[in-house]
Structure formats: structure tokens, C-alpha cells
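First up is the structure itself, then whatever we jot down about it.
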Amino acid sequence: MGKIPVLSLIFTLLFGFCSSLKCYNGSFQEVTNFMAFEGPEIIDCNGFCVSQYQNDGQTLNYTLRCDDSTKYCITNNQCKDDYGTSTKTCCCNSDLCVHQNATNPIIYDLSQITFSSATAAYQVEGGAWDCRGPSIWDTYSHIPNKIHNNDTGDDACKSYYKWKNDVELLKNLNVQQYRFSISWSRIFIDGTNNTINDVGVKYYSDLIDALIAANIEPVITMFHWDLPQSLMDLGGWLNENTAIKFGEYTRYIFQQFGSRVKKWIPINEPLSVVQGEFCGDNGAGAPGEFAPHCAWSLYLAAKTLLLAHLEAWKAFQDLKLDSEGGVLGMALNGPWFFPANLTNVNDTEASARAFDFYWGLFGHPLFVGDWAPRVKDRIAELSAKENRTGSRLPAFTAAQIQGLKGSAQFVGVNYYNGLMVTSRTDEEEAHRWELGIKTVDYDTKIRQWPSPEWRQMNASDPWIYYTPFGLRKLLNYIHTQYNISILITENGCMDNYDEDLKDVSRVSYLRGHLMAIAQALQDGVKVMGHTVWSLMDNFEWGDGYSTKFGIHRVNFSDPERARTPKASAGFYANVAKTKMLQGFSINSRH
Ligand code: GBH
């Protein structure tokens, strides 16, 4: 920062109230990436300009003008007249509202990154019994009362039949990539190469060809949670042989599609697999029986998943796909953990520990080597306390540590939200059962919660809070810890109440996260691209079809499963085309 901006910043902070401030006067609706100012003019404000953000559920307006009445800006750092998410009025010369320097809109440069959208096989394909072996999600979704409304993925969005339609949606989105997943049991019906299914291979082959013809790069996930049931019957990710079987499956996929596909993600969100499927004491997924054994099943499954990734990497290298321009990574997920108090070392250490237990559970073995020391030490210490004969964190051999280190050329980041974090006290730890502390929190020795200041994207779903600044932090942290290229492989939110096709909340969510990415790029982070989850409303796991993440609406009562773009699809198409955004500050909307 030069001398003059520093001085003017200090000046603004100290004398903001009595200085004359130049304000941009106008408004825009948040359904495009451009500020649609009516009669743009720069005005002098005596005191403050105010930004007002209004969301009436139909349109979302953002206006800037002078605060003539000083009705709103009594102090220079607060938002006044806050009616929940519907209206917020802020003082422009506060960092909480609009960036200090932003008397004009800022251009957020996204020219260096790719734009993409994503789906996963079980969530969209349907055609469950059409030449496909059962996966654990078929089994699980057919057990009564496991899934909201007893929904199943039997038909889902029928993308198994309507894929040409999906390619059209992608074309209209102006995206350069499409991230989809292959259903293992559609390729190998019983999970092994004894049961190769040519019809399934042809399905994906045709999809790949159509994408390439449309100039859209396929980004392929090979396992997005739908483990073949036949392998689960033998222990699934608790059986090390599943890693070998995964190696055979991925090798076959590489052989089939390796000449046409360059970006590979063998495994999606292993953390969700181990926390949801092989623990499940905090929200279960298929197969869903492991909560009582979570203390060790979680880590054993984590180890097998890493070994499975290693088998895929070996096949990839064996077939020389890396030397032919292919790249392979793993898609990780988790929140960004904000230390409750930045000056309290207990809180900053809780945040670092949480990162190591979430992102680092897989990131450390891949990018640094072996389990993270914080994870190793903590689980060894707890295991001793629990009088176990050894650590419930299974060890890798030296060869496995070596093999895994550097076995991913990029990291996929699935980011949805941030959380506050603090350390659990020894006292709390001693009373974990009475206090109902979940295994993951217990092992990580943390308490996590959403800040009441954050906007909840959907009032009935206490999961996604608007925290784009957490994405910027996360990207920077991954960069300094691992110095690896980052592809944002998922980012998005569920529908807000009644917005339907005018999904202004989602537009604002995406806008904020894209701005955070632009800022991270300026920070020097190697971000390759952004991917919206999801291309369309789909089978949202335990929530069935009740939770909708799509930028296209799917009519599930229509046998054709008609898809209709929501406003966010138009917004994203616009960003993907122009590779820029205009805005004031990511902090300007909460
Ligand atoms: C992604 O996972 C998945 O990859 C994708 O398939 C899915 O459709 C998408 O998210 C949207 O959910 O309810 O507070 O207990 C994100 C990781 C892990 C996030 C479990 C939700 C439960 C939070 N998910 N978590 S809570």
C-alpha cells in the first residue's frame, strides 16, 4: 500500500464522520455480474454514504447513496436497520460494509481460472437397475425411514437417459468444464473386473465425447460415495482389499478414457465417507452401522481410502497418463475453522488442530507425508488413556508413506461454510459421554459452532452460513501448508425459502465466494478454477429431494424431469463468459 492510500485510510477511520466522502450513487440488481447503475454519478457525502441491501424474495437490490439524515450512520462501523436477511443498511466508510476505497465498484479479475459445474452419479443418474449393480446407497435408501420422505436415487434426474440435455445446459452456462462421477457398479457390476458392463462404459464414453465436442473438458470423479454393495459385503473401506479392487477399477477407467480425459479425481470427500459412512454419530450415511465403533473404524476407513487413492495413482503412472498431460488429485472438504478469539492461543491451536483433523487427515499424507503429527500424537495419547493395545490410528508402512507423498498433483476443495472453533477443556473431555461430545469433536478436542452474525442460507437448515471470507482464509492456509494447486471442485448452497427460480440468495452466495477467490488469487494462491455444486437439483443424500442445490430446477413430478435454469445459472453464465465481477467488498453483504 502506498503512502497516500495509507494516509487516506487513517484519515477515513479517524475522521470519517466529519470528512466529505465521495460516494457512488446508484443501484444494481444482483442477478448479473455487472452493476446496472441508473444514471451513475459520484456524489459528495457529508459524513457517510450508506449501502443498502434489500432482498424481497423476488429481486435483490443494492443501492448506494448519502446518509443525509444520519439515521443509519451514528457510528462508523455498524450496520443499522437490519431486518434479518431482507434489508441491511450499512455505512460505506466502514470495512464491515463497503471496502474503504470503494467509492467506485472494484473489478474482481477471474481471467486466470476455469468455470465449471458438478454432479455425482448416484445423485443424478437414475437408471439404478438398468445394467448396474447395486451400491451401498441403493441398499441404504431402500431401508425404510433412513432418507427424508423415503426418497431413493432409483430415478433421480434420469441423467442416465437425459445426458444430452445436460450437455445443452452446460453449453448455455459457458463453462469450460463439467465435473461428474462414474458409478463403480455401472462399470464393474459386482465391483470387480469379472463383471465388466460394456453398456455402462458406453454411457460414459458417449457423455465424454459429447462434452469434448462442445468444448467442455470432462473432470472425472471415480468414487463419489456409491461403493458397490458386493464390496461392502466384504467390509468395504474397512477391508484393505477394497483398495486393490479400486486400483483395478480405476486402471480400467484410465484405459478406457485416458486418451480423452485429462483431469482425474479418484476419490471425492473421503472425510465425508469416514465421518458419515464409517462413523455416523453426527449425521449418518450408507451403510450407517458404525457409530459404536467409530473410534477406530473412522481411521481404518481413512487409511484404506488413502491406499485406494495410491492404487489409482500407481495405475495412472503405469499407463503414463501423467506424461501425457493428465493430472490427478483428491477432492477434500470441510469448513474453515475461525479461532473464537484470535489472540487466545487455545483457540488458534484449536483451529490449526481442526484443520489437521479435517483437511489434513488426507492432505498431510498426500502433500507432506504420513499422518499429521497433531493427529498422530492426539490419537496415540487418547488410545493409551483408553487402555488400547495400540493406537486406533493405524500406521502406514515406510513404503506407503513414500508412495502417498506427492501422489496428488492438485487438491480439489469442496467449500460450503465456516465455523467458529475453540478447544475443549480437560474437564469437558473427562465428561464426554454426559456432555454428548461426538467422536470427531472429542478426538479433535474442539467445540465448533456457527457465529450468530453469519447469514444462514436457509433458515431451516442449520448448516450453510455465508462465510466467503473463510474460503479466502482456507485457500491461503492450504497454500502455505501444502504449496499445491487448488481446483475448487464444489461450492454452492441450497435453495432459500420460496425463491424458486429467482434464487437471489444463491447468486449472492456465489458472488461472494467468487470475489473471495479473486482476492486469494491476488494473495498468490494457485487457484485453477471454480465449480458450482450443483448443475441441477438432485438426490441430496439423507435429505432426499427436499434440499435443492441446483442452479437448474428439476421437476421431479415430471417423468421427463424437465430442467429449468434459475437466475443463478444466468449469473454464472455471465461470469464464466466475462471472467470478472464488479462489486464493492465481499463484506458488504452478510
Ligand atoms: C458435498 O458434501 C457432497 O460432495 C455433495 O455430494 C453434496 O450434494 C453437497 O455437499 C451438498 O450437501 O447437517 O450440519 O450435520 C459436503 C460435505 C458433509 C456437508 C456432511 C454436510 C453435514 C452437516 N457434507 N455435512 S450437518
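Read the numbers this way: they start at 1 and go in the same order the structure lists the ligands and their atoms. Note that the structure is predicted; figures quoted are calculated from it, not measured.
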Under the 3.5 angstrom rule, does the side chain of [X] hit a backbone N or O of [Y] as a donor-acceptor pair?
X	Y	value
S181	A121	yes
T304	L300	yes
D537	G550	yes
T221	F223	no
D500	K502	no

Answer yes or no for atom 26 (S) of ligand 1: protein heavy atom present at a distance under 4.0 Å?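 Under 4.0 Å from atom 26 (S) of ligand 1, zero protein heavy atoms found.
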Heavy atom of protein inside 4.0 Å of atom 22 (C) of ligand 1, strictly below: no
Any idea which of Q123, E490, Q448 brings a heavy atom closest to atom 4 (O) of ligand 1? E490
Quick test: of every protein heavy atom, which one is nearest to [atom], and how far off is it to 0.1 Å?
atom	result
atom 12 (O) of ligand 1	E540 OE2, 2.5 Å
atom 19 (C) of ligand 1	W463 CZ2, 2.9 Å
atom 9 (C) of ligand 1	Y416 OH, 3.4 Å
atom 2 (O) of ligand 1	E269 OE1, 2.8 Å
atom 15 (O) of ligand 1	N282 O, 4.4 Å

Looking only at heavy atoms, is any part of N538 under 4.0 Å from ligand 1, and if so is it the side chain, the backbone, or both, or is it neither? neither
Which one holds for Q275 and ligand 1: side chain close, backbone close, both close, or neither close, with close meaning a heavy atom under 4.0 Å?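 Looking at Q275 and ligand 1, no heavy atom falls under 4.0 Å.
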[X] neighbourhood, listing ligand 1 atoms whose heavy-atom distance to it stays under 4.0 Å:
X	value
W225	2 (O), 3 (C), 4 (O)
H224	3 (C), 4 (O), 5 (C), 6 (O)
N268	4 (O)
F549	11 (C), 12 (O)
N333	17 (C)

Could you label the plane-to-plane angle of the [X] and [Y] rings as parallel, tilted or perpendicular, counting under 30° as parallel and over 60° as perpendicular?
X	Y	value
H513	Y466	perpendicular
F549	W463	tilted
W137	W541	tilted

Take every heavy atom of S272, measure it against each atom of ligand 1, and state whether any distance is under 4.0 Å.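 Yes; S272 lies near enough to ligand 1 that a heavy-atom distance drops under 4.0 Å.
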Salt-bridge criterion met for D226 and R132 (N-O under 4.0 Å): no
Is the closest side-chain donor-acceptor distance between Q229 and D233 under 3.5 Å? yes
If you measure every N or O of W533 against every N or O of ligand 1, does any of those distances drop under 3.5 Å?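 Yes, since at least one N or O of W533 sits under 3.5 Å from an N or O of ligand 1.
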A118 and T531 have their tightest heavy-atom pair at CB-CG2, 3.6 Å
